[in-house]
Amino acid sequence: MSNVAIALILREIADLLEIKGDNPFKIRAYRNAADIVGNHPHALAVLDAAQLREIPGIGKDLAVRIRDIATTGDTAVHRELIAEFPARILDLLGLQGVGPKTVAVFYRDLGVRSLADLERAAADGRIRALKGMGAKKEALILKALEERRRRTGRLLLSDADAIATSLIAYLQDAVPGAGLTPVGSLRRGRDTCGDLDLLATDGDASLMDAFVRAPRVERVLARGETKSSVLFDRAFQADLRLVPAESRGAALQYFTGSKAHNIALRDRAVGFDCKLNEYGLFRLSDEARLAGESEEAVYRSLGLDWIAPELREGRGEIEAAATGRLPRLIQRSDLKGDLHMHTSETDGSDDIRAMATAARESGLDYIAITDHSQALAMANGLNEERALAHASRIRAVDRDGGIRVLAGIECDIKPDGTLDLADDCLAALDYVVASVHSAFNQDQRQMTDRLVRAIACPYVDVIGHPTGRLLLRRDPYPVDMEALVDAAVKHGVALEINAQPHRLDLNDAHAILARERGASLVISSDAHSRTGLAALRWGVAVARRAWLEPAHVLNSRPFEDFKAALRRNRQ
DNA sequence: GCCGTTTTCGGCCCGACTGTTTTCAGTCG
C-alpha cells in the first residue's frame, strides 16, 4: 500500500470526524499524519509500529492505524465512520463555502447524502429555511455546485507561474508602485498548484479594485481592504493579500507556508514567549515587534537560519536551520550541462546545431543529444544505422561555438527490460538514457524487474523519467522505487529528474530517497525545441525541494568531471 | 490524537471575510 493511499484514508477519517463534530485537535492529528505520510520519502507500509512511532506526529494510536491500513487496506475507525455517514457525503466538502459544520446541518436537518441531494434541496428553496442560512447562502451553494462541474483542478507549476506573471504585470500596470510577489505553493516550487497566492506590500484599496476586475475573473469570493479572493474562468482561484511594508517579511513567510511549516514555526515562537503572525514576530509580554520587515529577521529572531521556500514542507528543515545544517541548495546557474533533448531527426523541431547554439546561449557548457530509438515509431525513432549516422553528425558539431556536444540516445526499455538497440550500437555512443515509453500496464513486480534489468545493462548511463507520470493526465506506472534506487546505486547508473513541467519525474520525494541512498542524479530538460531548454528551471525546483546540493547532481560538474563520472567511463 | 526545559494532564497557530448576525459562527488559507 502506497503512502498516498494510506494518507487518503487518514484524511477521510479527519474529514468525517470533523463532520461528526469530534475533538478538533484529534482531527488535526489525523490530518497532520495524512500530510506526513503522504509526503514521506520512504514507503511507510514496510515499517512496524515502533518505527512509525519514531516519526514526529505519529504516536501510539496512529502507528497502529497506519499498520492496519498498510496490511489490511483499512482500519476500524475508518470503517465505523464510513458506516455512520453516506458514502458520497465527503463530496460536499469540496464545495466552495461549505465546511464540515454546514455538511453536518445539511445531513441532519435535510437528509442530504450527496451532491445531487444538495442540488435538489437548494433548487427547492429548502436551504434558506435552515437556521443561520438565507437566500444568499442558497444561491452561493448553487453557484458552487455549478463551478464544481467546470473545475479543471490543479495547475502545472509552469502554468501557475505564467498566470502569476501576467496577473502581476496587470496589477502593476493598474497600480504603479505596487510591490507584488507570488507566494504559496508556487513560491515553494510544488509540481502543481491548487490556487494562486499573491502578496502586495505597497498599494491601497485601488489594488483590490483592480484585482477583482482583472481579466477573466468570473466571481469575487471575498473583497476586503487587505484580502480578496477571486475565481477565474475554469474556476481557478487566486488570493491577494495586502500588508504594510514593515510586515513584508512576516507576510512573505506566512503566506508562503506550507501549513505544516508555519504551524511548527509558530509553535517555536510560542517557545520563545512570542507570537508569530503575518504582521510580525511579537513578544507576548509587551507586544514589542521583534521582526517583520524581512523574512531573514523573522527566522533569525527564532534562532534559525533563513530557510529556502522549497524546503518549507515540514521535512526537518526547522531542526536543520536551528543547527546550521541546511543544505547549500542547487541553483539553475550551477548546471553546466543538459543531458536529454531531441532534434528534428526524431520528434524535436530544431536541428543539432540550433539546439547546441541555444544551449550555449543559455549558459551551458555541454549537452547530450538524445533522440528516440526505433521502438518509438510514432516519433520516427532511430534504428542502429540511423543512430550511428546521427552520432557522426552530432560529433561534427561538438566544440563548435564553445559547447561540447555528446552523441547520445534515449533508448526505449522494452517490456522485458532489454534495450531497443543492439549493445554494440549503444557502446559506440557517448551517452545513453534509457526510458520506458510502452506497456505501462505492467504490475509493480514486472515494471520493477524491467527497470532493474535495464539498469544492469552496462551501456545505460541514466534512467529517464523513472516513473512515467504525466502530471494531471496519467498516473505513474507502479514501480518499487527503493529497489530501483538501490539497483541504480549498485550499478553506478544515475536517475533523471526530468524537467518537463508535465513530468517532473523523479518527483521531490523520490529524489530525497535517491539522495539518501547515495544515487547520482541528473537534471535534464527533455527539450523538443530550443525554447524547451528553459524547462531546466522546473527540474531545479524539484531538486531544491529534495534538498539537493550541486554535488548530488552530475551535470553541475565541469565537462571532464562529468564525463569521467558517467557509468560507461568508470574503472 | 500528540506531546513534554513548567507539564503524563492539559495544552494544542492565527487572522480576514461573509452571512445572518444584534455579538458571532463558519469557512478559508
Side-chain angles (χ1 to χ4, degrees), chain A residues 10 13-14 17-19 21-36 52-66 75 77 92-106 127-141 143-144 183-185 188 193-199 208 212 219-231 237-243 247 250-251 253-282 284 302 314:
Chain A
L10 294 175
I13 294 173
L17 286 173
E18 201 164 23
I19 291 170
D22 213 312
N23 175 358
F25 299 106
K26 179 168 152 185
I27 293 160
R28 181 189 297 173
Y30 273 102
R31 203 156 274 153
N32 184 38
D35 286 342
I36 291 167
L52 287 168
R53 284 203 65 178
E54 287 174 18
I55 301 170
I58 309 293
K60 181 165 63 78
D61 289 357
L62 273 162
V64 172
R65 311 243 189 284
I66 291 170
T75 186
V77 183
L92 304 184
L93 282 179
L95 294 173
Q96 173 70 41
V98 177
K101 297 282 195 292
T102 312
V103 171
V105 171
F106 288 159
I127 303 288
R128 67 183 71 189
L130 293 171
K131 186 171 186 296
M133 300 191 200
K136 211 157 177 178
K137 184 80 182 174
E138 195 170 78
L140 286 176
I141 298 278
K143 217 165 201 172
V183 285
S185 50
R188 299 201 311 279
C193 299
D195 61 11
L196 196 63
D197 298 303
L198 297 181
L199 176 67
M208 292 297 169
V212 299
R219 177 177 162 198
V220 178
L221 296 172
R223 159 65 170 95
E225 293 295 305
T226 66
K227 174 184 174 175
S228 296
S229 298
V230 299
L231 280 182
Q237 182 172 338
D239 301 328
L240 176 65
R241 282 294 298 255
L242 175 63
V243 298
S247 295
Q253 193 291 309
Y254 177 68
F255 293 115
T256 296
S258 66
K259 197 167 207 169
H261 177 85
N262 283 1
I263 289 174
L265 208 59
R266 287 178 177 210
D267 192 44
R268 189 175 175 88
V270 171
F272 278 67
D273 291 320
C274 289
K275 178 178 72 168
L276 179 63
N277 59 28
E278 58 264 58
Y279 302 110
L281 179 71
F282 301 92
L284 286 177
L302 293 170

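Just so we're clear, the structure is a prediction, and the values are computed from it rather than from any experiment.
- No contact: A:Ile27 has no heavy atom under 4.0 Å from any strand.
- Of the options A:Asn23, A:Asp22, A:Ile27, a side chain to side chain contact (heavy atoms under 4.5 Å, CB included) to A:Phe25 is made by A:Asn23 and by none of the others.
- Applying the side-chain contact (heavy atoms from CB on, under 4.5 Å) test to A:Leu242 and every residue at least two apart in sequence or in another chain returns A:Ala200, A:Leu207, A:Met208.
- Using a 4.0 Å heavy-atom criterion, one finds that A:Pro56 contacts the sugar-phosphate atoms exclusively.
- Between A:Thr226 and B:dC17 there is a side-chain N or O to OP1 or OP2 distance below 4.0 Å.
- Checked by atom type, the side-chain pair A:Tyr254/A:Arg241 shows no donor-acceptor distance below 3.5 Å.
- Nucleotide B:dT8 forms no Watson-Crick or G-U wobble pair with any nucleotide shown, as no partner meets the under 3.5 Å limit on both distances.
- Proximity of residues 266-274 of chain A to DNA chain B (heavy atom under 4.0 angstrom from any strand atom) is restricted to A:Arg266.
- Counting any heavy atom pair closer than 4.0 Å across all strands shown, A:Lys131 reaches no nucleic acid atom.
- Side chain A:Asn23 to base B:dG1: a donor-acceptor pair is found below 3.5 Å.
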>> As a quick check of understanding, evaluate side chain to side chain contact (heavy atoms under 4.5 Å, CB included) for A:Val183 and A:Leu198, giving each step before the final call.
In response: CA-CA 6 Å; A:Val183 285; A:Leu198 297 181; 5.8 Å; no
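- Summary of the strand contacts: A:Ala29 and A:Val98 both lie near DNA chain B, and taking for each the nucleotide with the nearest heavy atom, the more 5' one is attributed to A:Ala29.
- Comparing B:dG15, B:dG1, B:dT18 against the side chain of A:Asp61 picks out B:dG1 as the nearest.
- Within the nucleic acid shown, A:Arg65 comes within 4.0 Å of sugar-phosphate atoms alone, with no base atom in reach, counting heavy atoms only.
- Between the base of B:dG15 and the side chain of A:Tyr254 there is no donor-acceptor pair shorter than 3.5 Å.
- Taking 4.0 angstrom as the limit, A:Lys275 places a side-chain polar atom (N or O) nearer than this to OP1 or OP2 of B:dG15.
- Among the heavy atoms of the strands lying under 4.0 Å from A:Arg223 are primed sugar atoms or P, OP1, OP2 only; no base atom is included.
- Minimum atom distance to the side chain of A:Leu62 is reached by B:dG1, of the listed B:dC14, B:dG19, B:dG1.
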